[in-house]
Amino acid sequence: SSRTAWLHSTVHCKSQVEPHQGSLTLSRIGFKREIKAEGKRNSDKVVKPLGLSSESRGSKGKFNGVKEKKAVRVRQKEQIESAPFAANSFSELGLPDVLIKRLEKEGFNVPTDVQSAAIPTILKNHDVIIQSYTGSGKTLAYLLPILSAIGPLRNRVSEGNDSGGGKAGIEAVVVAPSRELAMQIVREFEKILGTENKKMVQQLVGGANRTRQEEGLKKVKPAIVVGTPGRISELSAAGILRTHGCRFLVLDEVDELLSFNFREDMHRILDHVGRRSGAGADPNAKRVERQLIMVSATVPFSVVRAARSWGSEPILVQAKKIVPLETISPPKPVNLSSSSPATPSQQSVESLPPALKHYYSIARLQHKVDTLRRCIHALDAKYVIVFMNNTRQLKDVVFKLEARGMKAAELHGDLGKLGRSTTLKKFKNGEVRVLVTNELSARGLDVPECDLVVNIDLPTDSTHYAHRAGRTGRLGRKGTVLTICEEPELFVVKKMQKQLGIPITCCEITEGKLLVTEEEKTLSSSI
Ligand SMILES: Nc1ncnc2c1ncn2[C@@H]1O[C@H](COP(=O)(O)OP(=O)(O)OP(=O)(O)O)[C@@H](O)[C@H]1O
């Protein structure tokens, strides 16, 4: 039945890595002693700069760019005090001084937990999956190690003779599932690089002018490209995008990229960007060995499997934990029909920011927009993202809100590239208060001010719920998520509540206030 199908699809979320599996003594990957799960300040410790020894970088190939035919990626085995799970500054993480200065200039002074864990691990050349909750700063967690190896802000101390000023061709490929997300990543690169260097990054998104992109690749010769799977693989197949010398392949929102929709394009990208670590030297002798970086707030076992087959000894990096992938076993079947309260998997809890508040409200279909509007007023929300499943109905909701004097706009894939970016810009600058959208915006979209997410239609499963919800409460901010459902849909909300391990509290919006019933309060506190 469709209900069973829904349950099965959501089991993925639970299948993710259970905490404390396998030994955390990782001398293999350079960590000296057991890594404690709780974040530990290391301010009083001298932490050796990680990943910067001249022995392992520069002189041994990979970091000398594409000139050497058989670039070999050397993983650092040297011992360090401990992983700085909550570093006090970026300088503790082994990033070059020039890069740290740029970060400070842009107002980034303290790394987030996931950045503290991921940056040193990537600097030590490991293939990684980065998993931590939405809005926790995963973009910089991979962007900074890349910029410390490529381009003007790179670490020059550990280099050999010549490296990475953009002459070596494409050195990093970042793939994202939507144009908006790809453009956002480009802007983050540009922010750190500064105006004078922003040309070393080029966007390759679908829907944009392909000829201009081709010219850019030929004339400007960027070192980093960021794009969507279709356009990247198209340009690669046409021989215009040459990625044999690529040292970094990043798959942002990897679980989405590995979905059926992107299968063929992703296959081409994984096959043609750099050389897989450990792959036989013969057919790909001219390729540089690449480092594979996979990123998402939700990591189903299918991603673990993909990382094992496309990467080499990959490591799962979470905010406070680093685990070799080989210790992760496939999910056990979960009995979701059991009446006893399901124990949420640690992993699913970790996909959501801890400060978020989750509510649901029951309304008839024809009253959903009215409930939405009253909720916005009750919470005095300023930046609201509303999710729906059916693109054709977005317009109707926008129309109803506007009729009541609330500035709203629709955002979906059928709009042209220009229309999409204009709408997004208007939402970000506050001209539009309510952005009515579909799954397109659920992944990665970063509008830090977003204070309310509303599901007018239910998300298909708890993974989708987590990504939608994660558009608010970014980087420790407050945020509210409201799911408006009809009575018969309530069981779906209850199920997601169990799977995600969060209270989704029943509320009513009356007389301009969002009220929680007493009964619900006790129910949700028992979760
Ligand atoms: N160290 C930091 N200090 C201050 N702000 C930061 C830091 N790191 C990231 N940010 C900001 O936090 C916000 C969220 O970061 P980012 O978009 O990378 O989150 P994410 O974990 O990738 O989320 P999602 O899973 O939704 O894609 C961004 O606005 C980013 O600029």
Side-chain angles (χ1 to χ4, degrees), residues 13 16 39 84-93 95 99-100 102-119 128-147 174-178 180-193 226 250-257 293-299 303 317-319 347-348 350-356 383 385 387 424 428 437 439-451 453 463-479 481:
C13 193
Q16 301 152 354
F85 281 123
N88 284 320
S89 71
F90 282 104
S91 54
E92 283 177 43
L93 304 177
L95 295 167
L99 185 50
I100 291 165
R102 280 291 317 147
L103 281 169
E104 283 167 0
K105 214 162 177 198
E106 292 302 324
F108 299 108
N109 298 308
V110 182
T112 65
D113 286 357
V114 71
Q115 290 163 0
S116 301
I119 291 169
V128 291
I129 301 177
I130 305 175
Q131 187 277 323
S132 81
Y133 60 80
T134 53
S136 57
K138 293 187 289 296
T139 317
L140 284 185
Y142 64 78
L143 188 151
L144 297 178
I146 291 177
L147 288 184
V174 181
V175 194
S178 75
E180 282 70 18
L181 183 53
M183 296 305 294
Q184 189 177 290
I185 297 165
V186 170
R187 279 193 297 275
E188 198 92 337
F189 266 113
E190 290 175 347
K191 196 194 280 177
I192 307 298
L193 281 164
V226 184
V250 180
L251 310 183
D252 203 337
E253 305 294 344
V254 58
D255 48 336
E256 176 71 8
L257 288 175
I293 301 170
M294 298 175 154
V295 186
S296 184
T298 48
V299 175
V303 169
V317 179
Q318 294 172 308
Q347 181 76 17
S348 53
E350 284 169 3
S351 63
L352 281 160
L356 277 193
Y383 291 80
I385 302 183
F387 284 100
L424 204 48
K428 285 183 178 173
T437 187
E439 228 52 45
L440 171 85
S441 311
R443 294 254 179 183
L445 196 72
D446 181 50
V447 182
E449 298 83 3
C450 174
D451 46 1
V453 163
T463 302
H464 286 78
Y465 182 94
H467 286 279
R468 285 178 173 193
R471 296 318 97 212
T472 182
R474 312 280 295 164
L475 210 75
R477 291 179 182 85
K478 283 184 183 157
V481 187

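Bear in mind that the values here come from a model prediction, so they are computed numbers and not experimental data. Just so you know, ligand 1 is whichever comes first in the structure, and atom 1 is the first atom listed for that ligand. If you read the sequence from its start, that first residue is 1, and numbering goes on from there.
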| remark: Smallest heavy-atom separation, V175 atom then L257 atom, equals O-CD1, 3.5 Å
| Partners of K191 by salt bridge (charged side-chain N to carboxylate O under 4.0 Å, His left out), sequence neighbours excluded? | E188
| message | Checking D451 now: which residues fulfil salt bridge (charged side-chain N to carboxylate O under 4.0 Å, His left out) with it, not counting sequence neighbours? | response | none
| request: Answer yes or no: is there a donor N or O on one side and an acceptor on the other, between the side chain of Q184 and the main chain of G444, under 3.5 Å? | output: yes
| message | I'd like the residue list for ligand 1, meaning every protein residue with a non-hydrogen atom under 4.0 Å from the ligand. | response | F90, F108, V110, P111, T112, Q115, Y133, T134, G135, S136, G137, K138, T139, L140, E188, E253, G444, D446, P448, R471, R474, L475
| E106: salt bridge (charged side-chain N to carboxylate O under 4.0 Å, His left out) partners, not counting sequence neighbours | R102
| Does V299 offer a backbone N or O that forms a donor-acceptor pair with the side chain of S296 under 3.5 Å? | no
